[in-house]
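Residues take their numbers from the sequence shown, with the count starting at 1. Ligands are counted one by one from 1 in listed order, and the atoms in each one are counted from 1 as well.
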Amino acid sequence: MDYSLKLIGYPIQHSLSPWIHKKFLECTNLKGTYTLHEISPDASFEENIINLKKEKVDGFNVTVPYKQDIISHLDMLDDTAKQMGAVNTVVYRDGKWIGYNTDGIGYLRSLESKYPAFFQNKSKHILLIGAGGAARGIYYALDRAGFDYLDIANRTKASAEEIAKLAELSKNTNVVSLKEAEEGIGNYDLIIQTTSVGMNPNADASILSFSQLKKDAIASDIVYQPLQTKFLKEAEKAGAAIHYGHTMLLYQAQYAFEIWTNKRVPMDDLDIQLQAILEGR
Ligand code: ATR
């Protein structure tokens, strides 16, 4: 089998996904290609998708701004994609186009690979900062993984409340303001930063400011440009263990590749290699 895999989105010229999936194809000794299919906002999305389907692709990733638009062109969605209302991975299987969302599982896998012990006690206190698409995926995955205490802090409280509804029956989630999160930051075992604040070119910004964290806390930022965000630098100073954003990218891709090929790629030193690329080494 010769896999034909693609990425659709706009703009995508600087995407790291082709690099990652070429590595995966090499590691697994599978034949195939992973190429960019950029769809400009001026073009007809529908026509592009019709053409893509005609090209007999085996699967593709979907990124901004098409994660919702793609849904009406698919035959089925998996539960997570349904819950998220957003798709980032599509596979052509048994004559059907099926949509998945790998954000949450990808994040969870990345965290578990670095901090497996964290998953042994599900009553840890977790703070999720932000309430966009990524936060939604991560919240849902943490809920499914059985964690009991998930709080959400966001500038716009209503969006955080929307996310908290996802787990209304299974959890008591406190929705807090950013200020309240800052004041209570010392209560959390894991703090996950999912907003775009601190991303290049605004690397001198941080969503929260703090100097003390709980002993053995883990600080995680899904921003990976730069890798060492201001948020992570402060957290490190405050004694936290650090979890970098580029690993979510890798494990999300690992899960997508598994959906397409049924093969789970061992990560080996790919995170170090990707880190080197991101740091321009
Ligand atoms: P994604 O889907 O990639 O996660 P998004 O939907 O654009 O991204 O979500 C962006 C998140 O960053 C939101 O939580 C947003 O807060 P609001 O819901 O209040 O908009 C947060 N965010 C972005 N810029 C921010 C800023 N300057 N200050 C505080 N929060 C910010």
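Residues Phe257 and Tyr3 place their aromatic rings such that the two centres sit no closer than 6.0 Å.
Listed by chain and number, residues touching ligand 1 at under 4.0 Å (heavy atoms only) are Gly130, Ala131, Gly132, Gly133, Ala134, Asn154, Arg155, Thr156, Ser159, Thr195, Ser196, Val197, Ile207.
Residues in residues 91-119 take part in these salt bridge (charged side-chain N to carboxylate O under 4.0 Å, His left out) pairs, two or more places apart or across chains: Arg109-Glu258.
With values rounded to the nearest 0.5 angstrom, Tyr115 atom OH is found 15.0 Å from Gln120 atom CD. From Leu249, atom CG reaches atom OH of Tyr244 across 16.0 Å, with rounding to the nearest 0.5 Å.
With sequence neighbours left out, the side-chain hydrogen bond (donor to acceptor under 3.5 Å, both in side chains) criterion links Thr261 to no other residue. In this view, Asn174 and Asp151, Val176 satisfy the side-chain contact (heavy atoms from CB on, under 4.5 Å) rule, not counting sequence neighbours.
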